[in-house]
Protein chains: 2
Amino acid sequence: MNAIEVLAQAGIRPTPQRLAVAEFVLAGRTHPTADEVFAAVQHTCPTISRATVYNTLRLLVNKGLLREQVLREGVTVFDAERTAHHHFVDEETGQIHDVPWEALKVYGADQLGGFEVHDLQVVLRGRRRRA
Amino acid sequence: MNAIEVLAQAGIRPTPQRLAVAEFVLAGRTHPTADEVFAAVQHTCPTISRATVYNTLRLLVNKGLLREQVLREGVTVFDAERTAHHHFVDEETGQIHDVPWEALKVYGADQLGGFEVHDLQVVLRGRRRRA
DNA sequence: TCCGGTGTTGGACACATTCTAACTTTGGAC
DNA sequence: GTCCAAAGTTAGAATGTGTCCAACACCGGA
Ligand SMILES: [Mn+2]
Ligand SMILES: [Mn+2]
Ligand SMILES: [Zn+2]
Ligand SMILES: [Zn+2]
């Protein structure tokens, strides 16, 4: 399913700007910031404005096609992977890597009295080992 | 051990400003932002500047007396609890609650090939059940 | 074709944080 | 006790991320 179809299915009118943003952000598994999306999208859509990038990202988040994650200081990153998973943050490069849900087991969350847990993830920080 | 002793032990000259910040931030188990520290500290030290609050917080972090946490969008929060623990973020109030390390068990982190994990925590988001 | 709604744009604004440059305080050296 | 260099503090400027706004452009149905 290509970007046009994805937008159509979500009831989003597929303007060139929205297509450019959606194609970039929904395809990769990097965890780009809004500004990284803006920079990337300018190649295919040179006149796009920062406001439209922010508007489109918010739209995609509200429609459930994209998730926001609070993983880096001072910026929001966007995540096209919508199924539950964990994150490893490389403290040197800032790069964020997905860790599959099945790779880690977390026990005890359902027994935390007083907390109604809507979302849970393990956040790991460290260095990615060079190959 | 009071704040003066803590600062002395870390080799930090105990100015009135630093004492006010340290007394507030090291005592509580809330997870205040820099601005919340600034507001709180003005009661005891009305002339303190934002720059000094930021300087002192960074100093405490660098000396290992305080930790920074990336848990809320757009702001850094500070954490006086230096032993490993997890966090529950109330999505309504923004309040952050500590979850004891022993309350949750995480398995599999040591088998993640390619990642050198320096730090690990479970981040839970949801609503705190009202009593 | 016309028109109202929708989308886009650049710049203004808001907020968190860092930087800067001047001023103040401090703790020895003498 | 005086003096000085180092350390600390300060207000405000600068930077960076994100939102808001008002004007303009586009589009789809009457
Ligand atoms: Mn959200
Ligand atoms: Mn840190
Ligand atoms: Zn992810
Ligand atoms: Zn904590």
Side-chain angles (χ1 to χ4, degrees), chain A residues 3-4 6-8 10-25 31-63 65-79 94 96, chain B residues 3-4 7-8 10-25 31-42 44-63 65-79 94 96:
Chain A
I4 296 191
V6 173
L7 295 194
I12 300 174
R13 203 199 289 177
T15 67
Q17 292 87 346
R18 286 169 174 174
L19 277 172
V21 169
E23 263 157 23
F24 175 74
V25 82
H31 296 73
T33 64
D35 215 64
E36 285 163 0
V37 175
F38 178 58
V41 141
Q42 279 180 311
H43 297 133
T44 55
C45 190
T47 67
I48 197 170
S49 71
R50 242 171 263 268
T52 295
V53 172
Y54 277 99
N55 287 342
T56 303
L57 289 172
R58 191 181 339 175
L59 190 58
L60 295 176
V61 168
N62 289 342
K63 294 293 185 181
L65 300 175
L66 191 64
R67 300 214 303 168
E68 300 181 278
Q69 297 279 358
V70 180
L71 291 169
R72 281 175 49 182
E73 225 177 288
V75 282
T76 297
V77 302
F78 294 90
D79 194 339
I96 296 165
Chain B
I4 296 190
L7 295 194
I12 300 173
R13 204 199 288 177
T15 67
Q17 292 87 344
R18 286 169 174 176
L19 277 173
V21 169
E23 264 158 23
F24 174 74
V25 83
H31 295 74
T33 64
D35 213 65
E36 285 163 0
V37 176
F38 179 59
V41 141
Q42 279 179 311
T44 56
C45 192
T47 68
I48 197 170
S49 71
R50 240 171 266 267
T52 294
V53 172
Y54 278 99
N55 287 342
T56 303
L57 290 172
R58 189 178 340 165
L59 190 58
L60 295 176
V61 168
N62 288 341
K63 295 291 185 181
L65 300 175
L66 191 62
R67 300 213 306 167
E68 299 179 278
Q69 297 280 356
V70 180
L71 290 170
R72 281 175 49 181
E73 225 177 288
V75 283
T76 297
V77 303
F78 294 89
D79 194 341
I96 297 165

Distance in Å, [X] [atom1] paired with [Y] [atom2], rounded so as to fall on 0.5 Å steps:
{"X": "Thr33(A)", "Y": "Leu71(A)", "atom1": "OG1", "atom2": "CG", "value": "12.5 Å"}
{"X": "Arg18(B)", "Y": "Leu57(B)", "atom1": "CZ", "atom2": "CG", "value": "11.5 Å"}
{"X": "His31(B)", "Y": "Arg72(B)", "atom1": "NE2", "atom2": "CZ", "value": "11.0 Å"}
{"X": "Thr56(B)", "Y": "Ile48(B)", "atom1": "OG1", "atom2": "CD1", "value": "6.0 Å"}
{"X": "Thr44(B)", "Y": "Glu23(B)", "atom1": "OG1", "atom2": "CD", "value": "7.0 Å"}
{"X": "Leu65(A)", "Y": "Leu59(A)", "atom1": "CG", "atom2": "CG", "value": "8.5 Å"}

Whole-Å distance between [N] [atom2] and [X] [atom1]?
{"X": "Arg50(A)", "N": "dC21(D)", "atom1": "CZ", "atom2": "C1'", "answer": "17 Å"}
{"X": "Asp35(A)", "N": "dT17(D)", "atom1": "CG", "atom2": "P", "answer": "6 Å"}
{"X": "Arg13(B)", "N": "dA7(D)", "atom1": "CZ", "atom2": "C1'", "answer": "5 Å"}
{"X": "Leu59(B)", "N": "dT9(D)", "atom1": "CG", "atom2": "C1'", "answer": "13 Å"}
{"X": "Arg58(A)", "N": "dG18(D)", "atom1": "CZ", "atom2": "C1'", "answer": "9 Å"}
{"X": "Tyr54(B)", "N": "dT15(D)", "atom1": "OH", "atom2": "P", "answer": "17 Å"}
{"X": "Glu36(A)", "N": "dG16(D)", "atom1": "CD", "atom2": "C1'", "answer": "14 Å"}

Legend entry - Heavy-atom check, side chain of Val75(B) versus side chain of Asp35(B), under 4.5 Å: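 Not in contact.
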Inset, instruction - With DNA chain D as reference, determine whether Thr33(A) or Thr47(B) sits nearer its 5' end, using the nearest nucleotide of each. - result: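 Its nucleotide being nearer the 5' end, the pick is Thr47(B).
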Inset, instruction - For Gly74(B) and for Pro16(A), locate the closest nucleotide of DNA chain C by heavy-atom distance; then report the residue assigned to the nucleotide nearer the 5' terminus. - result: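 Between the two, 5'-proximity favours Pro16(A).
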For [N], take OP1 and OP2 only and decide whether either is under 4.0 Å from a side-chain N or O of [X].
{"X": "Arg18(B)", "N": "dG8(D)", "result": "yes"}
{"X": "Arg72(A)", "N": "dT17(D)", "result": "no"}
{"X": "Thr52(B)", "N": "dT10(D)", "result": "yes"}

Inset, instruction - At the 4.0 Å heavy-atom cut-off to chain A, mark where contacts on DNA chain C begin and end, going 5' to 3'. - result: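 Nucleotide range in contact with chain A: dT6(C) to dG10(C).
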Inset, instruction - Indicate, with a heavy-atom threshold strictly under 4.0 Å, whether Thr76(A) touches base, sugar-phosphate, or nothing. - result: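 Sugar-phosphate, backbone atoms only, no base.
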